[in-house]
Amino acid sequence: GFVSHSSLGVESCVVALAAASVMLLIGRQDIEEIVLGVEWSTILFFTGLFVIVGGMVKCGVITALGNALVSVTGGNVKLLMILILWGSAIFSSVLDNIPFVATMIPLILSMQADGMNVTSLWWALSLGACLGGNGTLIGASCNVVISDIAAKNGNPISFVKYMKIGFPLMLLTVLIAGIYLYIVFQPV
């Protein structure tokens, strides 16, 4: 369903909900048990996060950020690439990386529409957001989920405890990614 949803003209959410419904019907599981097993605090956290990021998009904060980045770099793609790498890493360490990337996509697409070669920017965004999510406990969805599971099993992970290890490692991996991108995207 997910592979062919666009060619069938069906939204991916319809595929997901249809599959979940079928699984509930044929799985013969206790629905109350399933509902109680859902990580509701995690779902509510991400709901709030998507609302905040959506508000930032509607208010034009993200577009203003993109325009400021292009203005600051003077259109220098290599400098813009490094700024996007580090900016997305830092932002993704405090915002969830998935909604952050979703808000950055229109920014890069608008740069592409203006005639800029954005291949290196896509790589910078991807690496920065993925690696940046390792910086803090709230930086990636899996961090939040694992934290909830660990707390339920008597092994709580505090924000500061996680950050003492995660943030320095995030900085190191982003530095390595920056060197890699700088070498790979040399002008021909």
Side-chain angles (χ1 to χ4, degrees), residues 1-67 69-70 80-81 84-85 87-150 152 177 181:
F2 285 123
V3 171
S4 61
H5 76 90
S6 61
S7 61
L8 295 173
V10 178
E11 293 291 326
S12 58
C13 61
V14 173
V15 173
L17 289 173
S21 300
V22 169
M23 288 170 44
L24 280 173
L25 290 173
I26 65 172
R28 299 178 191 236
Q29 294 178 333
D30 182 22
I31 294 176
E32 187 174 325
E33 182 181 323
I34 292 170
V35 171
L36 290 174
V38 172
E39 296 286 335
W40 290 108
S41 60
T42 305
I43 289 174
L44 292 174
F45 171 79
F46 287 116
T47 301
L49 192 60
F50 278 110
V51 168
I52 290 170
V53 173
M56 290 173 64
V57 170
K58 283 285 188 193
C59 292
V61 172
I62 300 301
T63 303
L65 176 65
N67 293 338
L69 281 173
V70 172
L80 189 56
M81 174 186 70
I84 287 177
L85 173 72
S88 63
I90 299 300
F91 277 114
S92 289
S93 69
V94 292
L95 290 175
D96 185 69
N97 51 14
I98 296 169
F100 177 76
V101 168
T103 60
M104 292 295 288
I105 289 171
L107 181 136
I108 294 179
L109 288 175
S110 70
M111 292 177 194
Q112 183 179 13
D114 290 340
M116 185 180 288
N117 181 357
V118 294
T119 303
S120 63
L121 304 183
W122 287 119
W123 278 102
L125 177 62
S126 177
L127 287 169
C130 287
L131 298 172
N134 297 324
T136 66
L137 196 56
I138 61 170
S141 307
C142 58
N143 299 354
V144 175
V145 171
I146 291 299
S147 172
D148 283 350
I149 292 170
K152 284 181 181 178
L181 289 174

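Only heavy atoms go into these numbers, but all of them, side chains included; no hydrogens, no water, no symmetry mates. Throughout, numbering of the chain's residues begins at 1 and tracks the sequence.
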| task | Heavy atoms only: give me the nearest A124-S88 pair and the separation to one decimal. | result | O-OG, 3.7 Å
| message | Determine whether a donor-acceptor pair (N or O, by modelled atom type, separation under 3.5 Å) exists between the side chain of S92 and the backbone of A89. | response | no
| task | Apply side chain to side chain donor-acceptor pair (under 3.5 Å) to K58 and list each qualifying residue two or more places apart in sequence or on a separate chain. | result | none
| task | To the nearest 0.5 Å, tell me how far M81 CE sits from L127 CG. | result | 10.5 Å
| field | side chain to side chain donor-acceptor pair (under 3.5 Å) partners for N143, two or more places apart | value | Y162
| message | If I take atom CG from residue L80 and atom CE from residue M116, how far apart are they, to the nearest 0.5 angstrom? | response | 5.5 Å
| note | The residue among L85, I84, L121 that forms side chain to side chain contact (heavy atoms under 4.5 Å, CB included) with L181 is L85
| task | Would you mind reporting whether L24 and I34 have side-chain heavy atoms less than 4.5 Å apart? | result | yes
| Between F2 and A16, what is the shortest heavy-atom contact and its length? | CZ-CB, 3.9 Å
| note | Here the gap from K152 atom NZ to S147 atom OG, rounded to the nearest 0.5 Å, amounts to 11.0 Å
| task | Could you tell me whether the side chain of H5 and the main chain of V10 form a donor-acceptor pair under 3.5 Å? | result | yes
| To the nearest 0.5 Å, how far apart are CD1 in I146 and CD1 in I149? | 4.5 Å
| said: Going by side-chain hydrogen bond (donor to acceptor under 3.5 Å, both in side chains), name the pairs with one or both residues in residues 117-132, residues two or more places apart or in two chains. | reply: N117-T119
| message | Nearest 0.5 Å, please: how far is CG in L125 from CG in L107? | response | 9.0 Å
| Heavy-atom closest contact (A129 atom, V101 atom, distance) | CB-CG2, 3.3 Å
